[in-house]
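So the structure is just underneath, and the comments pick up after that.
Start at 1 and go down the list; that is how both ligands and their atoms are numbered.
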Amino acid sequence: MIEKIQTLISKQNIDEKIAEIASMIEKDYEHKDIHFVCVLKGGVVFTVDLARQINKNVYLHFMDVSSYGEDTKSSGDIKILMDLDESIKDKHVIIVEDIIDSGMTLNMLKKRLLGRNPASLKICALLNKECNKTDNIDIDYLGFNIPDEFVVGYGLDYAQKYRNLNYIGIISFEEE
Ligand code: IMP
Ligand code: MG
């Protein structure tokens, strides 16, 4: 199979959107310290690019989670593969995620982190597949709504590949 990638969102469009989101966050957190919780691995490129556009101190935290697949609905929980190494109690936290599909993972992560008593907790996502929502989720800062296609690049992978593309593309497969 040959993997083909067709550009969906260009580097320039991503850069412009990140600048917009950064200035909104700067305004909203004018007198507050900002604590980003980056959801690994996909969120890492977006997190660092966004943080670099914010003209005040941004603390970076990293976390890796996975959902339990079909069981997640019933168990209502996620598996924490790598936890934060500092407390977020009384901090102003923004979860930074690459993409929201069903919304399940992020909803459960939000619940978990709220249990740690941050001063506030918001969600920032670069991409959202609107049509796939099984869970209601409030996205405080959103880059782009996208169609229900599998996308790669800018942190997002297919089989751990393509994370380093500087644009977002739709991947398709063709016979050799
Ligand atoms: P959700 O729990 O259904 O919202 O799943 C979101 C997670 O699925 C994201 O954090 C990604 O890791 C993964 N994911 C969903 N859609 C895509 C895609 O198009 N490309 C790459 N990863 C995706
Ligand atoms: Mg992810």
Side-chain angles (χ1 to χ4, degrees), residues 1-11 13-15 17-18 21 25 35-51 60-84 88 93-116 118 121-174:
M1 289 287 222
I2 300 172
E3 292 161 10
K4 287 206 157 179
I5 296 163
Q6 180 203 340
T7 304
L8 179 67
I9 308 168
S10 68
K11 177 184 184 318
N13 286 342
I14 296 172
D15 290 347
K17 187 61 79 176
I18 286 181
I21 298 173
I25 292 177
H35 290 260
F36 276 180
V37 169
C38 167
V39 186
L40 294 172
K41 297 175 183 168
V44 78
V45 179
F46 179 42
T47 300
V48 295
D49 280 357
L50 181 62
L60 299 179
H61 307 264
F62 298 90
M63 201 165 174
D64 194 2
V65 299
S66 82
S67 55
Y68 286 103
E70 285 307 301
D71 286 344
T72 37
K73 267 275 162 202
S74 47
S75 70
D77 212 352
I78 41 169
K79 188 147 111 192
I80 295 180
L81 303 173
M82 189 188 100
D83 206 344
L84 303 173
I88 53 164
V93 174
I94 304 176
I95 301 173
V96 185
E97 175 64 302
D98 50 357
I99 186 165
I100 301 178
D101 191 4
S102 68
M104 225 187 275
T105 312
L106 212 49
N107 257 337
M108 289 186 287
L109 179 59
K110 190 176 176 182
K111 241 183 254 168
R112 281 275 195 127
L113 294 187
L114 279 173
R116 298 179 187 188
L121 182 61
K122 285 192 183 180
I123 288 177
C124 175
L126 181 64
L127 306 173
N128 178 41
K129 289 184 187 170
E130 250 179 325
C131 54
N132 287 351
K133 290 289 155 298
T134 56
D135 286 39
N136 269 333
I137 183 147
D138 285 331
I139 310 173
D140 302 282
Y141 305 101
L142 174 65
F144 305 92
N145 280 310
I146 61 162
D148 186 16
E149 302 274 5
F150 199 85
V151 292
V152 296
Y154 206 76
L156 292 131
D157 73 304
Y158 167 71
Q160 300 301 326
K161 291 185 285 187
Y162 306 113
R163 293 192 195 274
N164 58 317
L165 295 181
N166 64 8
Y167 60 94
I168 307 267
I170 296 173
I171 189 164
S172 60
F173 305 90
E174 281 175 22

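Between L156 and ligand 1, not a single N/O pair is under 3.5 Å apart. Where the criterion is an N or O separation shorter than 3.5 Å, residue side chain and backbone included, G103 meets it with respect to ligand 1.
Ligand-side atoms of ligand 1 in range of V151: 18 (C), 19 (O), 20 (N), 21 (C), range being under 4.0 angstrom from any heavy atom. Distances below 4.0 Å separate heavy atoms of T105 from the following atoms of ligand 1: 1 (P), 2 (O), 5 (O). Ligand 1 places these atoms under 4.0 Å from at least one heavy atom of F150: 17 (C), 18 (C), 19 (O), 20 (N), 21 (C), 22 (N). Of all the atoms in ligand 1, the ones that sit under 4.0 Å from a non-hydrogen atom of E149 are 19 (O). Here is the list of ligand 1 atoms found below 4.0 Å of a heavy atom in K129: 16 (N), 17 (C), 18 (C), 19 (O).
Looking at I99, I78, V65, it is I99 that brings a heavy atom closest to atom 7 (C) of ligand 1. Among A125, G43, S102, the residue whose heavy atom sits closest to atom 3 (O) of ligand 1 is S102.
The number of heavy-atom neighbours closer than 6.0 Å to CG of D138, taken from other residues, nucleotides and ligands shown, is 12 or below. Atom CD of E130 has 12 or fewer neighbouring heavy atoms from other residues, nucleotides or ligands inside a 6.0 Å radius.
You'll find the side chain of L121 reaches within 4.5 Å of the side chain of K110, heavy atoms only. No side-chain heavy atom of N128 sits less than 4.5 Å from a side-chain heavy atom of I137.
Using a 4.0 Å cutoff on heavy atoms, N107 does not count as a contact of ligand 1. Proximity of L106 to ligand 1 is not established, as no heavy-atom distance is less than 4.0 Å.
Between the side chain of K129 and the backbone N or O of E149 there is at least one donor-acceptor pair closer than 3.5 Å. With D140 contributing its side chain and I123 its backbone, the two residues share a donor-acceptor pair below 3.5 Å.
Under 4.0 Å from ligand 1, the heavy atoms of D157 that appear belong solely to its backbone. The side chain of E97, and not its backbone, has at least one atom closer than 4.0 Å to an atom of ligand 1 (non-hydrogen atoms only; side chain from C-beta on).
Legend: ring-ring contact (aromatic ring centres under 6.0 Å, His included) pairs involving residues 129-174, not counting sequence neighbours, sorted by first then second residue: Y158-F173.
Not counting sequence neighbours, the partners of S172 by the side-chain contact (heavy atoms from CB on, under 4.5 Å) test are K4.
Between K17 and L142, the closest heavy-atom pair is CD-O, 4.5 Å.
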